[in-house]
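Notes to accompany the following structure.
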Amino acid sequence: NSWHLRLDILQPKNVVELGTGQGVGAVQIMESLREDATFTTIQYDDGEPSHRTALSMWESDKRLHMLVADTINPDTLKMVSDNVDLLFIDSTHEAWHAAEELHLWQIKLVDKAVVVVDDMDQHDMMDFWHSIPYDRIGPVSGNWQGVFFYDAARPYTCSFDRPHKTTYGGSVR
């Protein structure tokens, strides 16, 4: 469980995950999250009943906040507290979407926040990864995650063309 090691070392107080999916990563985060921390996981409402099911055992935990919202809608930011020190990008696995998420969510990040990008072997995510202007770690063979430290003095400014129709979790948006 790389999340256990990450959270043990980093000791984040405010973790946000963009893209809950079935909640497998979220469960690993909850298992390793410190008692005084907050974890917010956000999943677009795509009608998929299996999404978030793995988190059912954590639903009553006061540290967990599950939101059904669009990760690229500015109104979603109002539902999440400031000072995010660990951001996990794991939603559509498309460069345009990840770039839009980073553009939007960087106002919530503390300087030197840790950002983990998942599934870089999917679609054009490596294009997004190469657009990151900060020192990066990863991906390593067999693990398609990368990590970087956000630098508030150098906001992320890259963008990618948005397709006319996109799918998120199986539904057309």
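Treat the numbers as computed from the prediction; the structure is a model and nothing was measured. Counting begins at 1 with the first residue of the sequence.
One finds the NE2 atom of H97 at 13.5 Å from the CZ atom of F160 (value rounded to the nearest 0.5 Å). Here CG of L86 is found 6.5 Å from CG of L7. Values are rounded to the nearest 0.5 Å. Put simply, CG on L5 and CG on L10 are 8.5 Å apart, with the number rounded to the nearest 0.5 Å. Distance check: I29 CD1 to H4 NE2 gives 13.5 Å after rounding to the nearest 0.5 Å. Separating the CG atom in D121 from the CE atom in M126 is a distance of 9.5 Å, to the nearest 0.5 Å. A distance of 12.0 Å separates NE2 of H93 from CG of D124, quoted to the nearest 0.5 Å.
Side-chain contact between E31 and W58: present, with at least one pair of heavy atoms (C-beta onward) separated by less than 4.5 Å. Residues L109 and D85 have side chains not in contact (no heavy-atom distance under 4.5 Å, counting atoms from C-beta outward). Within the 4.5 Å cutoff, no side-chain heavy atoms of V16 are placed close to those of K108. By the 4.5 Å heavy-atom criterion applied to side chains, F128 and V117 are counted as neighbours. Within the 4.5 Å cutoff, side-chain heavy atoms of T41 are placed close to those of L64. F39 has its side chain out of reach of R63: every pair of non-hydrogen atoms, C-beta onward, lies at least 4.5 Å apart. In this structure, S159 and W96 have side chains that are not in contact, with every pair of non-hydrogen atoms separated by 4.5 Å or more. For the pair V15 and T40, the minimum side-chain heavy-atom distance is 4.5 Å or more.
Taking the six-membered ring for Trp and the full ring otherwise, W3 and F88 have centroids separated by under 6.0 Å.
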Output, in order, the C-alpha distance, side-chain angles, deciding distance and verdict of salt bridge (charged side-chain N to carboxylate O under 4.0 Å, His left out) for D36 and K13. CA-CA 7 Å; D36 62 341; K13 292 199 65 157; 3.3 Å; yes
List the steps, then state whether side-chain contact (heavy atoms from CB on, under 4.5 Å) holds for V84 with V110. CA-CA 6 Å; V84 172; V110 299; over 6 Å; no
Could you give me the CA-CA distance, side-chain angles and deciding distance for D119 and D90, then say whether side-chain contact (heavy atoms from CB on, under 4.5 Å) is met? CA-CA 7 Å; D119 297 319; D90 189 22; 3.1 Å; yes
Between I132 and L102, does a side-chain contact (heavy atoms from CB on, under 4.5 Å) hold up when you go through it step by step? CA-CA 10 Å; I132 301 297; L102 187 53; 3.8 Å; yes
Could you go step by step and tell me if V27 and Q22 meet the side-chain contact (heavy atoms from CB on, under 4.5 Å) rule? CA-CA 10 Å; V27 166; Q22 294 178 354; over 6 Å; no
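Nearest approach of W105 to T76, heavy atoms of both residues: CZ2-CG2, 4.0 Å. Residues E17 and A26 approach most closely at OE1-CB, 3.5 Å, considering heavy atoms. Residue E94 comes nearest to M125 through the heavy atom pair N-SD, 3.5 Å, listed as atom of the first residue, atom of the second, then distance. L104 and I107 get closest at one heavy-atom pair: O-CG1, 3.4 Å. Residues D111 and Y150 approach most closely at OD1-O, 3.7 Å, considering heavy atoms. Closest of all the heavy-atom pairs between T20 and Q43 is N-OE1, 2.9 Å.
If you check the side chains of S91 and E101, you find a donor sitting under 3.5 Å from an acceptor. Looking only at atom types and distance, the side chain of Q28 has no donor-acceptor partner in the side chain of R6 under 3.5 Å away. Y156 and S131 are linked by a side-chain donor-acceptor pair at a separation below 3.5 angstrom, with hydrogens and angles left out of the test. Under 3.5 Å, the side chains of S32 and D8 contain no donor-acceptor pair of N or O atoms.
Hydrophobic cluster membership differs between L87 and I137, with clusters built from Ile, Leu, Val, Met, Phe, Trp and Tyr side chains linked at under 4.5 angstrom. Note: the hydrophobic cluster containing V24 does not contain I89 (ILVMFWY, side chain heavy atoms under 4.5 Å, direct or indirect links).
Using the six-membered ring where Trp is involved, W129 and F148 have ring planes that are tilted, between 30° and 60° apart.
More than 12 heavy-atom neighbours from other residues, nucleotides or ligands sit within 6.0 angstrom of CG on D82.
For Y134 (side chain) and R154 (main-chain N/O), a donor-acceptor pair under 3.5 Å exists by modelled atom type.
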